[in-house]
Amino acid sequence: SRDWSSDVCSSDLAIDALYVEHDQPTLVRVTTLTPGMDAVLDAAGFAAPEGLTHTLALALLPDEGRGPGGKAAVTPRHARHDRPPIGPRPSPESERGEVVLSTTPDAPWIAVRRRLSLAGGRGADDQVTPALRLTVPAVFARYGDDAVAYAAVVDGIAVVEAVAVDPSQRRRGLAHRVLATLLDRARDEGASNAALQVMADNAPAIALYRGLGFGHHLHNYHYRRRGR
């Protein structure tokens, strides 16, 4: 395996200076793809690991639907009606309205995402700012004022982000409904796979994603902080 100690020693001063400039402790993300890194950070005096996160994946297309390099074969949207949906279609008689899709984060999506971030004890723009800075194709989904998510489509992979449901509306299937619709559209836009990240201790979210078919566990990561 690779010896990371020389890389860390040669770059840690520059990294520390950057974090100090922003009045923050040095923070490093460590993945299971870099074995041995934790030992190096232990020796450098970093704090214990925190924020263990899983990266999960889902195949949106069977093998026969993939083109060169594993990407989705491009066909007109009207010719894709035979593809099975990711999840159940909306049921108007049991839910209010439909899942609204857009290719940009419109004003209603931004307003709901900001409100739900605040409800979760986070900054209003913690998920909005990255969405506004996207330079790749994306699909944004919103169900009324209760649930939102988006997926950025890169190299045939729909990367799911910013999933949130109003706390008062949880356990009604809204997240499943929004994500199923979002993934169907991402597949129509050329995605052959989907991926997302979820905290390892978030059992309800993991159950949701497993129910949608995210059964492939790609890798984990966690964070290490240098003491201030």
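What you see is a predicted model, and the numbers here were worked out from it, not measured in a lab.
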Is there side-chain contact between Leu56 and Arg210, with heavy atoms separated by less than 4.5 Å?
yes

Looking at [X] and [Y], what are the two nearest heavy atoms and their distance?
{"X": "His176", "Y": "Gly211", "answer": "NE2-O, 4.2 Å"}
{"X": "Arg187", "Y": "Leu61", "answer": "CD-CD2, 3.6 Å"}
{"X": "Ala59", "Y": "Asn193", "answer": "CA-OD1, 3.6 Å"}
{"X": "Arg226", "Y": "Phe46", "answer": "N-CD2, 3.3 Å"}
{"X": "Ala141", "Y": "Val99", "answer": "CB-CG1, 4.0 Å"}

Set of residues satisfying side-chain contact (heavy atoms from CB on, under 4.5 Å) with respect to [X], sequence neighbours excluded:
{"X": "Ala175", "value": "Val165, Leu208"}
{"X": "Pro108", "value": "Asp106, Arg142"}
{"X": "Ala205", "value": "Val198, Asn202, Tyr209"}

So, taking the atom named [atom1] in [X] and the one named [atom2] in [Y], what distance separates them when rounded to the nearest 0.5 Å?
{"X": "Thr103", "Y": "Glu189", "atom1": "OG1", "atom2": "CD", "answer": "8.0 Å"}
{"X": "Arg177", "Y": "Leu182", "atom1": "CZ", "atom2": "CG", "answer": "14.0 Å"}
{"X": "Leu60", "Y": "Leu58", "atom1": "CG", "atom2": "CG", "answer": "5.0 Å"}

Under a 4.5 Å side-chain heavy-atom rule over Ile, Leu, Val, Met, Phe, Trp and Tyr, are [X] and [Y] clustered together?
{"X": "Leu183", "Y": "Leu196", "value": "yes"}
{"X": "Val163", "Y": "Val159", "value": "no"}
{"X": "Val153", "Y": "Val178", "value": "no"}

Show me the pairs that pass salt bridge (Lys or Arg N to Asp or Glu O under 4.0 Å) and involve [range], at least two apart or across chains.
{"range": "residues 159-168", "value": "Arg115-Asp166"}
{"range": "residues 49-60", "value": "Glu50-Arg225"}
{"range": "residues 129-138", "value": "none"}
{"range": "residues 32-47", "value": "Asp38-Arg224, Asp42-Arg224"}

Could you work out, with salt bridge (Lys or Arg N to Asp or Glu O under 4.0 Å) as the rule, every residue matching Asp125, not counting sequence neighbours?
Arg114

Would you say the side-chain atoms of Tyr143 pair up with the backbone N or O of Val100, donor to acceptor, closer than 3.5 Å?
no

Is the backbone N or O of Thr32 less than 3.5 Å from a side-chain atom of Thr34, with the two atoms forming a donor-acceptor pair by type?
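Flag not set: sc Thr34 to bb Thr32 has no pair under 3.5 Å.
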
Run Val28 and Tyr223 through side-chain contact (heavy atoms from CB on, under 4.5 Å) and show every step you take.
CA-CA 6 Å; Val28 178; Tyr223 293 98; over 6 Å; no

Check which hydrophobic residues are tied to Leu118 through side-chain heavy-atom contacts below 4.5 Å, counting indirect links as well, and list them.
none

Under the 4.5 Å side-chain heavy-atom rule for ILVMFWY, direct or indirect, which residues accompany Ile110?
Trp109, Val112, Leu116, Val128, Leu132, Leu134, Val136, Phe140, Val148, Tyr150, Val154

For residues 214-221, run the donor-acceptor check on the side chains, cut-off 3.5 Å, and write out each pair with its distance to 0.1 Å, sequence neighbours left out.
residue : atom : partner : partner atom : Å
His217  : NE2  : His54   : ND1          : 3.4
His217  : NE2  : Asn220  : OD1          : 2.6
Asn220  : OD1  : His54   : ND1          : 2.7
Tyr221  : OH   : Gln197  : OE1          : 3.4

Partners passing side chain to side chain donor-acceptor pair (under 3.5 Å) against Ser117 (at least two apart in sequence or in another chain):
Arg113, Asp126

